[in-house]
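Source: prediction; values computed, not measured. For the numbers below, each heavy atom of this structure counts, side chains included, while hydrogens, waters and symmetry mates do not.
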Amino acid sequence: MKKNYNYSMIIAAAFLLTASGLSAQTSADGKEFAKYWLSLNCVEAANGQNEMDNLIKYKGELNFYFVYVTQGGLELEGMQEEETALGRIYDQNIKMLNENKPAWITPECELKIRSVSREAYIRDGKEALVRNYKAQALKGLELIKSLSTK
């Protein structure tokens, strides 16, 4: 049992070192591309030669960043941008309902939209983005792994 505890401590220490050293190991351009990569959808990522070129260019840096993201280490300031955007979307939806409701919105649909608070909408949206970012990071790690074997 003692060996498992030591192994867990080594993994935790390695993760902390990786997370704390992330900024030093990732260039500004690499970090910018990593954030861009995380926001891509499957079709965009699969069809973009420029994305693949950048993935090859920054693969050493991205490996650390993507591992960090898959372990739940998204940066707070990165999520603040998403939070602001989600808040704007929520506000626009409510404004649309109040000022110029489309004919296709049924009373049931309107009730459902209005029943969600701004905070819940933002929280749920951020959780969905985090799941997407983790999935994209895993795809990026798989691509980096396949590039390393060629």
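Atom CD of E83 is separated from atom CD of E119 by 9.5 Å, given to the nearest 0.5 angstrom. Between the CD1 atom in I89 and the CD1 atom in I94 there is a gap of 13.0 Å [rounded to 0.5 Å]. Distance check, rounded to the nearest 0.5 Å: CD1 of I113 to CG of L97 gives 5.0 Å. The distance from atom NZ of K126 to atom CZ of R131, rounded to the nearest 0.5 Å, is 13.5 Å.
In terms of heavy atoms, V69 sits closest to A137 at CG1-CB, 3.9 Å. The shortest heavy-atom contact between I122 and L86 is O-CD1, 3.7 Å.
Paired with F66 under the rule side-chain contact (heavy atoms from CB on, under 4.5 Å), one option of L141, L138, L143 passes, and it is L141.
For residues 101-113, the pairs satisfying salt bridge (Lys or Arg N to Asp or Glu O under 4.0 Å) are K101-E110, E110-R114, with sequence neighbours left out. Applying the salt bridge (Lys or Arg N to Asp or Glu O under 4.0 Å) test to residues at least two apart or on different chains, the pairs with a partner in residues 87-97 are D91-R118. Within the structure, ring pair (Phe, Tyr, Trp, His ring centres under 6.0 Å) contacts touching residues 111-131 (residues at least two apart or in different chains) are Y90-Y121. Sorted by first then second residue, the ring pair (Phe, Tyr, Trp, His ring centres under 6.0 Å) pairs that include residues 91-110, not counting sequence neighbours, number zero.
Partners of A120 under the side chain to side chain contact (heavy atoms under 4.5 Å, CB included) rule, at least two apart in sequence or in another chain, are V116, S117, R123. For D124, the salt bridge (Lys or Arg N to Asp or Glu O under 4.0 Å) criterion is met by no residue, not counting sequence neighbours.
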